[in-house]
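Reading through the structure tokens given below for one structure.
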Amino acid sequence: MYKLSIVNYYNTTPFLYGLKHQPLKGNHVFEYDIPSVCAQKLKNKQVDIGLVPVAILPKLENYRIISDYCIGSDGIVDSVKLFAQKPLEELTHVLLDYQSRTSVTLVQVLNKHFWKKDLQFIPVTEGFEQEISGTTGAVIIGDRTFGLTTKDHPYQYDLSEEWKKYTGLPFVFACWVSHSEIDPDFIAEFNSSLAYGVNHIKEAVIETPNNTKGFDAYDYLKNKISYNLDDDKKKALKKFLELL
């Protein structure tokens, strides 16, 4: 039996659909968390496997990426953005979303190597979204970005798109990681369940709709999130970890 921590954002809907409709054998335990908690649980060995933000990988001992699937993107992702009232050139401070490690690390990597602006980064807690004003922007990730328009925040910088401009590569936000050896039969079965969900996105959206005004759930899961951990994403992950 394995204990798994899964991110409870809408982008994991295909994974959850696959695990429901092609269930794993055995009495495995699933816990649903925000990305930073997934990372902490795996680091503390409270779970065996986690869908963790990739920025945590250097802090893990003997980690293993166990799946052919991830939460990734190739260009615009729509749910990981720097939101602001003024253009990037005028910003002085950026608030860092407490729910993710990868996205807040990514914005700092982009600033250091690509934008090269004089920005101060500030870790924040719940409710920080209300503090976007003047020359202070904020990185917001996940479901809380759905429906946010330029009327709310005139300037929006998609971090995955900016990474693609900088590197020419896709990006990996989170992958399935263990802290010890996992039974190969389980891994094969697990990959099969995830593949089932990724191949049935339309059905997953019908079963688990998201009715946020202005949000196209099918387009987001089918065209914005890229689930296969292919060679280009592995190359992108390697580059991101080097830039840390």
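- Closest heavy-atom contact between L42 and D48: CD1-O, 3.7 Å.
- Between the side chains of S73 and K164, no donor-acceptor pair of N or O atoms lies under 3.5 Å.
- Across all non-hydrogen atoms, the minimal contact from P14 to A204 is CA-CB, 4.4 Å.
- Between C70 and K233, the shortest heavy-atom contact is SG-CD, 3.8 Å.
- Residues F215 and I140 do not share a hydrophobic cluster, defined by chaining ILVMFWY side chains whose heavy atoms lie under 4.5 Å apart.
- Each of I65, D68, I71 was compared with C175 under the side-chain contact (heavy atoms from CB on, under 4.5 Å) criterion, and only I65 meets it.
- In this structure, Y155 has its ring center no closer than 6.0 Å to that of F83.
- From E90, atom CD reaches atom NZ of K117 across 10.5 Å, with rounding to the nearest 0.5 Å.
- Few gaps surround NZ on K224; more than 12 heavy atoms of other groups in view lie less than 6.0 Å from it.
- Taken together through direct or relayed side-chain contacts under 4.5 Å among Ile, Leu, Val, Met, Phe, Trp and Tyr, Y10 and I34 form parts of separate hydrophobic clusters.
- The shortest side-chain heavy-atom distance between L24 and L19 falls under the 4.5 Å cut-off.
- Note that NZ of K234 and CG of L169 are 14.5 Å apart. Values are rounded to the nearest 0.5 Å.
- Side-chain N/O atoms of S226 and D74 include no donor and acceptor closer than 3.5 Å.
- Closest heavy-atom contact between C38 and S5: SG-OG, 2.9 Å.
- Judged purely by atom type and a 3.5 angstrom limit, S100 has no side-chain atom pairing as donor or acceptor with the backbone of P35.
- Minimum heavy-atom separation, V109 to F240: CG2-CE1, 4.1 Å.
- Taking the six-membered ring where tryptophan is involved, the planes of F173 and F171 are perpendicular, since the angle between them exceeds 60° and thus also 30°.
- Using modelled atom types, one side-chain atom of T12 and one backbone atom of Y9 make a donor-acceptor pair closer than 3.5 Å.
- Salt bridge present: R144 and D97 bring a charged side-chain N and a carboxylate O closer than 4.0 Å.
- The structure places CD1 of I141 at 9.5 Å from OH of Y98, a figure rounded to the nearest 0.5 Å.
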Fill in: Test salt bridge (Lys or Arg N to Asp or Glu O under 4.0 Å) applied to K239 and E242, step by step
CA-CA 5 Å; K239 184 170 185 66; E242 288 171 352; 5.6 Å; no
Item to complete: Just do the side chain to side chain contact (heavy atoms under 4.5 Å, CB included) check on L82 and Q156 with the steps written out, would you?
Response: CA-CA 6 Å; L82 169 59; Q156 302 184 10; over 6 Å; no
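- Distance CG/D33 to CD/Q99: 11.0 Å, rounded to 0.5 Å.
- With ring centers used as reference points, H93 lies 6.0 Å or more from F121.
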Fill in: side chain to side chain contact (heavy atoms under 4.5 Å, CB included) between I122 and L96, worked out
CA-CA 6 Å; I122 306 170; L96 300 178; 6.0 Å; no
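- No hydrogens or angles considered: a donor-acceptor pair under 3.5 Å links the side chains of E207 and H21.
- For the residue pair Y220/S79, the side-chain donor-acceptor check at 3.5 Å is satisfied.
- Within 6.0 Å of CG in N27 there are 12 or fewer heavy atoms belonging to other residues, nucleotides or ligands.
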Discussion item. Please evaluate residues M1 and V29 with respect to the criterion side chain to side chain contact (heavy atoms under 4.5 Å, CB included), reporting the C-alpha separation (whole Å), side-chain torsions for both, the decisive distance (0.1 Å), and the verdict.
Written reply: CA-CA 8 Å; M1 182 190 84; V29 176; 4.1 Å; yes
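- The structure places CD of E181 at 11.0 Å from CD1 of I66, a figure rounded to the nearest 0.5 Å.
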Worksheet item: Run the side chain to side chain contact (heavy atoms under 4.5 Å, CB included) check on K3 and H28 step by step: do they pass?
Response: CA-CA 6 Å; K3 185 178 286 188; H28 306 291; over 6 Å; no
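- Using a distance-only test at 3.5 Å, with no hydrogens or angles considered, no donor-acceptor pair links the side chain of N228 to the main chain of D230.
- Judged purely by distance below 3.5 Å, without hydrogens or angles, the side chains of S192 and Q22 pair a donor atom with an acceptor atom.
- Within the 4.5 Å cutoff, side-chain heavy atoms of L241 are placed close to those of P58.
- Around atom NZ of K59, no more than 12 heavy atoms belonging to other residues, nucleotides or ligands sit under 6.0 Å away.
- We find the OG1-NZ distance between T167 and K235 to be 10.5 Å, quoted to the nearest 0.5 Å.
- Within the 6.0 Å centre-distance limit, the rings of W176 and F190 are counted as a close aromatic pair.
- Linking ILVMFWY residues whenever their side-chain heavy atoms come closer than 4.5 Å, directly or via other members, places I182 and Y63 in the same cluster.
- Looking at V177 and L57, their side chains come closer than 4.5 Å, going by heavy atoms from C-beta outward.
- For the pair N223 and I76, the minimum side-chain heavy-atom distance is 4.5 Å or more.
- A donor and an acceptor atom, one from each side chain of H179 and E61, are nowhere located under 3.5 Å apart.
- Residues V205 and Y218 share a closest heavy-atom pair of CG2-CA, 4.0 Å.
- No continuous path of ILVMFWY side-chain contacts below 4.5 Å connects I132 to L91, so the two sit in separate hydrophobic clusters.
- There is a path of hydrophobic side-chain contacts, each under 4.5 Å, that joins L221 to Y32.
- Just one residue in the list Y69, Y17, F15 forms a ring-ring contact (aromatic ring centres under 6.0 Å, His included) with Y227, and that residue is F15.
- Side-chain contact check for S160 and D158: no donor-acceptor pair (N or O, by modelled atom type) lies under 3.5 Å.
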